[in-house]
Structure formats: C-alpha cells, structure tokens
A.B. asks: 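Dropping the structure in here first, questions after.
For ligands, and for the atoms within them, numbers begin at 1 and follow the listed sequence. Bear in mind the structure is a predicted one, so any value in this text is a computation, not a measurement. Side chains are part of it too, since the values below use all heavy atoms of this structure and drop only hydrogens, waters and symmetry mates.
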Amino acid sequence: ETVLAVDIGGTKTMAALVKGAAIIDEIVIPTAREAGPDGWLEAIAESTAQWRGRYARIGFAVTGLVRDGHWSALNPATLGIPDGYHLVDRAKRLLGKPVFAMNDAQAAAWGEYKFGAGSGGNLVFLTISTGIGGGIVINGRPLSGLAGHFGLIRGPSQGRAPLEDETSGRWIAAEALKAGHEVEAAEVFQRARQGAPWARAIVSQSALRVATLCRDIQLMFDPDQIVIGGGIGLAAGYIDEMRDHLQDVAPRLAPRLVAAKLGSRAGIVGVADLAGEGG
Ligand code: BMX
C-alpha cells in the first residue's frame, strides 16, 4: 500500500510517497513559519498535487503535541502552532484520504526501530534540529502523547528555559550572532570543522548538553541504543563530540549512541508504516 507521508518541522517540511520503507518520490519545502497551519497544509497540497490518486492513506509526522488528531505547540518558539488545531480533520478535507497524525520524533523513533538502526530491543530516538524532539519505543510499542519530549525538560540556565532553547539549532545561530557572526547553524558547523575557536566552543557546548541528556535517558529507560537524528545531530562531528563528553562515564552507565540510519527520512518512513496499518 502506498502512503503519502508528510513531516512538518520547524524549519522544513518533507513530503514523500512511501511504500514499506521505500521512498518512491519526495519533495522538501521550507516551513513558512508565519503562514500558520492552514497555509502549511495548502502548501503541502499544492506541492504534492502530482501524486494525487497514487496513495490510499496519509500520515503526518509533525513537530509539537498530537492528541486525538488535534495539534498544539509545546514550545511555540520551535513552531507557532495554535492550540488544538484540528490537523486530522483539516488534512482529510483538503486531501480526501484517511489521515493519521503523530509527533515527528515519535514517528522517527518507530521508523528507526522497524527499518533503521533498531536492534529489536528498547530504543530512544533523539532529533537535534530546530528544537530537540524525542521518541521512545518500549517492548515493541511507540509511546505517544508527551512521552519523549526531552527538548522541553528544563535547561541549564537555572531551569528558566527549555533545554532545546539553550542547545539546538536556534540557540547555535543565536550564540554565533553573539560572537559577532551572523550565520545559520549549518555554517557554524562548517566553521567549527575549519577550526574557528568561537564555532568550536558553541558546537562543543551544545553536544555536551545533549550528551548529558543521553546519560540521564540511559538511567530512565536503559535502551539498547539511543539513535541520534536531525540536521544538527547528524552534522559531521556532532555525535563524536558527544562521545568525547561521555568518555569518563563508567561503561555500565554509558549510553550507546548510534546515528539514525534513515537520516532525515526516519519520521516519514515511521509515520507511513503506522498510517498504513490504519493508524
Ligand atoms: C519541540 C516540540 C516537539 C518536537 C521537537 C523537534 C513544538 C512545536 N515542538 O520540542 O514536539 O518533536 O521540538 O521538532 O513544541 P523539530 O521541529 O526541531 O523537528
């Protein structure tokens, strides 16, 4: 069964025709942050019009909290979704097929568990991107609701801000600006690789905070592995930097970090699988 799978993140939106774990075709468009959910759905309908008639079901993996088909932001700085937006109803009306919706990182956790880096045991997935998302698969089941929203735990600044606001892509760009460099997160990584001390310091600080989070996650769920994804998490050198920060952790406490095998497509593949089963 072919599924239209859509992943709406704080920075970009990906849509794909998916069969099993195979991507038949895909497009990526920026998430027009100011357009709001009606605007995002219209952009998706437009840019996937050429696939109409080729899919029987639709899956949405979205940044934010999904409950009973209703969609809300937990951290509006990551994406300003209005409270309780009727995502499933609106998408179904617009695209004309049954819609299943879930959180992006929870979908990615399922994708990696079933088709990617998973080994069959318990797994935690972390995406380090605009924000920090997470998903947990325990005893072969993906947890839903708030479970895995690790980016929302309190950060290092005396608990004032969510961890993701002091760690992730937006923070990296903001820190660079403070250091006098008006660049996007991706360029901070490039400059760090070239050896710029200011860039290296920012990347190292971010990786240290995520490494500390992984250490805590290991104590909560003892997963077989923690799968790292997202544009920041998969940036060259980031996972190695995390491993460096974990070097002095006793082996029996140490989290086992692996890169997402499905890369940026983990959410798409995961939600397609769950939508294909009928949600
Ligand atoms: C935030 C939260 C999570 C999401 C994570 C990663 C919102 C809007 N989103 O913690 O639901 O999984 O960001 O999202 O509250 P991304 O946009 O960085 O992929």
A.B. asks: Under a 4.0 Å heavy-atom limit, does Leu74 contact ligand 1 with its side chain, its backbone, both, or neither?
C.D. replies: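 For Leu74, backbone and side-chain atoms both sit under 4.0 Å from ligand 1.
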
A.B. asks: For Glu164, counting its heavy atoms only, list the atoms of ligand 1 lying under 4.0 Å from any of them.
C.D. replies: 1 (C), 10 (O), 13 (O)

A.B. asks: Of the non-hydrogen atoms in Asn122 and Ile138, which two are nearest, and what is the gap between them?
C.D. replies: OD1-CA, 3.4 Å

A.B. asks: Which of the atoms in ligand 1, numbered in the order shown and given with their element, are less than 4.0 Å from a heavy-atom of Gly133?
C.D. replies: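 In order of number, 5 (C), 6 (C), 12 (O).
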
A.B. asks: Which is it for Thr130 and ligand 1 at heavy atoms under 4.0 Å: side chain, backbone, both or neither?
C.D. replies: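 It is both parts that get close, each with some atom under 4.0 Å.
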
A.B. asks: For the residue pair Phe221 and Phe150, categorise the inter-ring angle as parallel (less than 30°), tilted (30 to 60°) or perpendicular (more than 60°).
C.D. replies: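 Correct class here is perpendicular.
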
A.B. asks: Only heavy atoms of Gly9, strictly under 4.0 Å: list the atoms of ligand 1 that pass.
C.D. replies: 17 (O)

A.B. asks: Is it the case that ligand 1 has an N or O less than 3.5 angstrom from some N or O of Thr127?
C.D. replies: no

A.B. asks: If you count the atoms of ligand 1 from 1 in the order shown, which ones are under 4.0 Å from a heavy atom of Ile81?
C.D. replies: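 Counting atoms of ligand 1 from 1, those under 4.0 Å from Ile81 are 8 (C).
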
A.B. asks: Does Ile132 approach ligand 1 within less than 4.0 angstrom via side chain, backbone, both or neither, non-hydrogen atoms only?
C.D. replies: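 It is the backbone that gets close, since no side chain atom is under 4.0 Å.
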
A.B. asks: Taking distance alone, with no angle check, do Leu65 and ligand 1 share an N/O pair under 3.5 Å?
C.D. replies: no

A.B. asks: Counting only heavy atoms not in Gln194 (residues, nucleotides, ligands), do more than 12 fall under 6.0 Å from its CD?
C.D. replies: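 More than 12 heavy atoms, drawn from other residues, nucleotides or ligands, come within 6.0 Å of this atom.
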
A.B. asks: For residues Arg265 and Val18, determine if any side-chain heavy atom of one lies less than 4.5 Å from a side-chain heavy atom of the other.
C.D. replies: no

A.B. asks: Does atom CZ of Arg215 have more than 12 heavy-atom neighbours, drawn from other residues, nucleotides or ligands, at distances under 6.0 Å?
C.D. replies: no

A.B. asks: Of the listed options (His149, Arg170, Lys12), which comes nearest to atom 3 (C) of ligand 1 when hydrogens are ignored and any heavy atom counts?
C.D. replies: His149

A.B. asks: Note the single closest protein heavy atom to atom 16 (P) of ligand 1, along with its residue, its atom name and the distance in Å.
C.D. replies: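 Here the closest protein heavy atom is Ser129 OG, 3.4 Å.
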
A.B. asks: Report, in ascending order of atom number, the atoms of ligand 1 lying under 4.0 Å from any heavy atom of Leu79.
C.D. replies: 8 (C)

A.B. asks: Classify the side-chain pair Thr78/Thr130 by whether it contains a donor and acceptor separated by less than 3.5 Å.
C.D. replies: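 Short answer, no.
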
A.B. asks: Can you tell me which residue and heavy atom of the protein come closest to atom 17 (O) of ligand 1, and the distance to 0.1 Å?
C.D. replies: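 Going atom by atom, the protein heavy atom closest to atom 17 (O) of ligand 1 ends up being Gly10 N, 2.9 Å.
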
A.B. asks: If you count the non-hydrogen atoms of other residues, nucleotides and ligands that lie under 6.0 Å from CG in Asp68, is the total more than 12?
C.D. replies: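 No, CG of Asp68 has 12 or fewer neighbouring heavy atoms, counting only those of other groups under 6.0 Å.
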
A.B. asks: So which of Leu146, Thr63, Leu152 gets nearest to atom 14 (O) of ligand 1, if we judge by its closest heavy atom?
C.D. replies: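 Residue with the shortest heavy-atom distance to the ligand atom: Thr63.
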
A.B. asks: Using the six-membered ring of Trp71, assess whether NZ or CZ of Arg90 lies under 6.0 Å from its centre and within 45 degrees of the ring axis.
C.D. replies: no

A.B. asks: Checking a contact table here: which protein heavy atom is nearest atom 12 (O) of ligand 1, and how many Å away?
C.D. replies: Asp104 OD1, 2.7 Å

A.B. asks: Treating Ile, Leu, Val, Met, Phe, Trp and Tyr as nodes and any side-chain heavy-atom pair under 4.5 angstrom as an edge, say whether Tyr85 and Ile58 lie in one connected cluster.
C.D. replies: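 Yes; tracing contacts between hydrophobic side chains, which count when under 4.5 Å, links both residues.
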
A.B. asks: Please answer whether the main-chain N or O of Thr13 pairs with a side-chain N or O of Asp7 as donor and acceptor at a distance below 3.5 Å.
C.D. replies: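 It does not hold such a pair.
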
